[in-house]
Amino acid sequence: MSRTSVPRVRTRSAVLASAALAFALALTGCSSSDDGSASASADGKITLTVGTFGTFGYKEAGLYDAYMKQNPGVIIKENPTTVEGNYWTALQTRLSGGGLDDVQALEVGRISLATSEDLADAFADLSDAPGVDKKDYLPWKWDQATTADGRTIGLGTDVGPMAICYRQDLFKAAGLPSDPESVGRLWAGDWAKYVEVGKQYQAKAPKGTAFMDSATGLFNAVVASSPVQYYKDGKLAYKESPGVKAAWDLAVKAVEGKTSQGLKMFDTPWQTAFAKSTFATTVCPSWQQANIQQFSGPGNKGKWNVAQPPAAGNWGGSFLAVPASGKHVDEAKKLVAWLTAPEQQAKVFQKVGNIPANQAAYDLPGVVDYKNPYIGPDAATGLIFSTAAKAIKPAETGPRAGDLTGAFSTGVLLMEQNGKSPEEAWNATVRQIDSTIQ
């Protein structure tokens, strides 16, 4: 399939102008007294709203309750959304119509746009928030949320160092090694080896099982571990990107080799498949641990384990930002600083598996030495993921990386679920990018 014949994409100026207008409208829209933002009650207490997606772990780790106990004049209300794509769509709507939360989570795929010259002034500078110390954070994570003029508009909550999580029992049944070191050696250094192991698994697979959950996960993992992804030197470059090409070609091999179950990640059938034990591996950024435990259920405790990935990379990770138009900006900054401090990030990790972006947390008890009682059981996930986090060399993300990830995920699903040929799926993906991302 040729990529050189696809039409050239447009520049990003229109996207930035549109997003900038939305933020500008938000600055006036958020001044309304009934927009759902922070408010003060009759007894003088203020309510801070926190907009999140996925599982940030603050409620699960008891952090909101702890903060309110320490600060009796503050009430915290979280407004969660399950899927980040839905969250981002809603956030863009609210940017134009008002109603921003006092604290807004931002996924790494959106942070480049948020720090752009057009948008950065919509967020408060968090580098001067109480207790914040730049050297505590992973340097590359801090830099991702820092603008050209040196303002830091987001504090890192977590990072997404990758591994491969696999079902030990299904590997044994298929005649493959099942201990983490031996499994990691099967595909060490090359994602193509991972796909080949899938063929070996499928040849003796237990009935009704597939090697991997989704070729979209494979695609995203290969891109995430590549030095060149969707952008190069600030310009959209996915058509010439060796990382995107390798990821697409391997996804095609997985689909054509029938080693993937063809599920859409995070949808209900994907969640149910964990409990039904219908796939043997999933690409496993640190945050995936929470999904495995939640959706696999108590009956599958100890059946999952974790091995090193074919190549190191970062998939996911987020930030907390404070809209500059908020009613209680100083109080919101204090909350963000506290939630992202090492002690709190360590508690989140122990509860839901999100690896801290604050590297000072790695020295705290219960992080590097943490062993997951569900995976393994007692897999040394703290050591595995914290070591991987320090080794990450992130690539340029670009302002629309999150949207591009979604577009290519849809493209891979066209092959997996709709029977489209690789060429048809690629061309449809390019058309989607041309019409919605440029």
Side-chain angles (χ1 to χ4, degrees), residues 26 29-84 86-88 90-91 94-95 98-107 114 122-132 136-137 145 152-158 287 290 317-354 356-358 361:
C30 285
S31 62
S32 171
S33 61
D34 60 349
D35 60 8
S37 177
S39 60
S41 62
D43 58 4
K45 291 186 177 183
I46 64 169
T47 297
L48 297 177
T49 57
V50 182
T52 65
F53 51 86
T55 303
F56 275 71
Y58 301 138
K59 183 177 181 179
E60 291 84 349
L63 296 185
Y64 292 143
D65 289 339
Y67 189 85
M68 289 187 286
K69 185 175 181 180
Q70 295 177 23
N71 300 270
V74 174
I75 298 171
I76 300 172
K77 177 185 177 184
E78 184 179 78
N79 294 321
T81 301
T82 301
V83 179
E84 191 277 338
N86 297 339
Y87 169 89
W88 180 247
L91 177 58
R94 294 171 67 201
L95 285 170
L100 289 168
D101 288 307
D102 302 290
V103 176
Q104 294 283 175
L106 295 173
E107 205 268 341
F123 298 104
D125 184 4
L126 298 177
S127 63
D128 60 356
V132 171
D136 286 345
Y137 293 82
T152 301
I153 59 93
L155 295 182
T157 60
D158 64 306
W287 43 262
S318 301
F319 304 82
L320 294 181
V322 175
S325 58
K327 295 179 180 178
H328 299 291
V329 171
D330 289 342
E331 288 81 359
K333 289 172 66 171
K334 291 176 184 176
L335 173 60
V336 169
W338 188 84
L339 288 173
T340 59
E343 294 79 9
Q344 280 64 255
Q345 291 202 8
K347 291 175 182 176
V348 169
F349 168 69
Q350 292 166 8
K351 194 66 178 178
V352 300
N354 293 352
N358 192 318

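Only a predicted model underlies this, so the values are computations on that prediction, with no experimental measurement involved. Hydrogens, waters and symmetry mates play no part in the numbers below; they use all other heavy atoms, side chains included.
Residues Phe349 and Pro356 approach most closely at CB-CD, 4.2 Å, considering heavy atoms. In plain terms, the two heavy atoms of Val322 and Ala332 that are nearest each other are CG1-CB, 3.8 Å. In plain terms, the two heavy atoms of Val132 and Ala337 that are nearest each other are CG2-CB, 3.7 Å. Residue Phe123 comes nearest to Ala114 through the heavy atom pair CE1-CB, 4.0 Å, listed as atom of the first residue, atom of the second, then distance. When all heavy atoms of Leu126 and Ala321 are compared, the closest pair comes out as CD1-CA, 4.3 Å.
With contacts defined as side-chain heavy-atom distances shorter than 4.5 Å, the pair Trp88/Leu106 qualifies. Between Leu48 and Val74, some side-chain heavy-atom pair lies under the 4.5 Å cut-off. A 4.5 Å side-chain heavy-atom check between Leu100 and Thr49 finds every atom pair outside the cut-off.
Note that CG of Leu155 and CZ of Phe319 are 9.5 Å apart. Values are rounded to the nearest 0.5 Å. Taking CG of Asp125 as the reference point, atom OG1 of Thr152 lies at 6.0 Å (rounded to 0.5 Å). If you take CG on Asp102 and OG on Ser325, they are separated by 9.5 Å, rounding to the nearest 0.5 Å. To the nearest 0.5 Å, the span separating CD1 on Ile153 from CD on Gln104 amounts to 11.5 Å.
Applying the side chain to side chain contact (heavy atoms under 4.5 Å, CB included) test to Ala105 and every residue at least two apart in sequence or in another chain returns Phe53, Phe56, Tyr87, Leu320. Every salt bridge (Lys or Arg N to Asp or Glu O under 4.0 Å) that Asp128 has, sequence neighbours left out, goes to Lys333. The side chain to side chain contact (heavy atoms under 4.5 Å, CB included) search around Val83 returns Asn86, not counting sequence neighbours. Under the side-chain hydrogen bond (donor to acceptor under 3.5 Å, both in side chains) criterion, Asp136 pairs with no residue at all, not counting sequence neighbours.
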*side-chain contact (heavy atoms from CB on, under 4.5 Å) between Val348 and Leu63: does it pass, once the steps are laid out?*
CA-CA 9 Å; Val348 169; Leu63 296 185; 3.7 Å; yes
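Looking only at distances, no side-chain donor or acceptor of Ser318 sits under 3.5 Å from a matching main-chain atom of Thr157. Side-chain N or O atoms of Asp158 include none that pairs as donor or acceptor with a backbone N or O of Ala357 at under 3.5 Å.
Pairs passing the side-chain hydrogen bond (donor to acceptor under 3.5 Å, both in side chains) check and including a residue from residues 59-72, sequence neighbours excluded, read Tyr64-Glu78. The side-chain hydrogen bond (donor to acceptor under 3.5 Å, both in side chains) analysis of residues 338-354, with sequence neighbours excluded, yields the pairs Tyr137-Thr340.
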